[in-house]
Amino acid sequence: MALNEKLQNDGDEKANASLYRSLVGSLMYLTNSRLDIMHSILCRQKSVDPLQFRRLDSVLEVYNSCRPSMASFKAFLNSPVGPKTTHFWGPVANWGFVLAGLVDMKKPPEMISGNMTSAMCVYSALFMRFAWMVQPRNYLLLACHASNETVQLYNLSRWAKFQGYLGQKKDETSTQ
């Protein structure tokens, strides 16, 4: 928004319509986005009843109480690991691995693939280190892969117990 802009009309010459629209749009934006400006304008008008002042004061209080949280939300939006970057959307997509591991927890151990579960454990361990070492640190990715590592290690232990690597193999004849 340009400061100190004025429309000039020298008689026969028409005013610049795009400049006029720009100024009006800027003023509309200011009055709609800054409730404190709108409140001060309405307070100076004599045609507004006192009940409306109270309502505007309460709206202004709510707006001012939300302002710090809105500032922190805007800071998150524009941060190096905010939702405008792959540092955010990569971990969000990787939560699918955690969900798949949680679904596998309900499957019988003979249905679990030992090779794939081992690969997922190595993958998550490597990316936990990556999430810690990358600048800026990606705590969302670290949490995602720590959760995936936990789920996959549990599934790997279930598979290993069933295969007999961690104790006695379950004998199907003794369970029936």
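Interatomic distance, N78 CG to K84 NZ, rounded to the nearest 0.5 Å: 4.0 Å.
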Please list, one pair per line, the donor and acceptor atoms closer than 3.5 Å that link side chains of residues 127-138 to other protein atoms, with sequence neighbours excluded.
residue : atom : partner : partner atom : Å
R137    : NE   : W132    : O            : 2.9
N138    : OD1  : L140    : N            : 3.4
N138    : OD1  : L141    : N            : 3.2
N138    : ND2  : H87     : O            : 2.8
N138    : ND2  : H87     : ND1          : 3.4

Just list the side-chain donor-acceptor pairs under 3.5 Å for residues 142-151, sequence neighbours left out, or say none.
residue : atom : partner : partner atom : Å
H145    : ND1  : S124    : OG           : 3.3
S147    : OG   : A143    : O            : 2.9
N148    : OD1  : Q152    : NE2          : 3.3
N148    : ND2  : S124    : OG           : 2.6
E149    : OE1  : A125    : N            : 3.3
T150    : OG1  : A146    : O            : 2.9

Let me have the donor-acceptor pairs involving side chains of residues 88-100, under 3.5 Å, with sequence neighbours excluded, atom names and distances please.
residue : atom : partner : partner atom : Å
W89     : NE1  : P83     : O            : 2.6
N94     : OD1  : Y123    : OH           : 3.3
N94     : ND2  : G90     : O            : 3.4

Please output the side-chain donor-acceptor pairs of residues 109-119 that fall under 3.5 Å, not counting sequence neighbours, one pair per line with the distance.
residue : atom : partner : partner atom : Å
S113    : OG   : M116    : N            : 3.2
T117    : OG1  : S113    : O            : 2.7
S118    : OG   : G114    : O            : 2.7

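The side chain to side chain donor-acceptor pair (under 3.5 Å) search around Y154 returns none, not counting sequence neighbours. Listed by chain and number, the residues in a salt bridge (Lys or Arg N to Asp or Glu O under 4.0 Å) with K107 are D104 (sequence neighbours excluded).
V122 belongs to a hydrophobic cluster with L126, counting contacts under 4.5 Å between side-chain heavy atoms of Ile, Leu, Val, Met, Phe, Trp and Tyr, direct or through other members.
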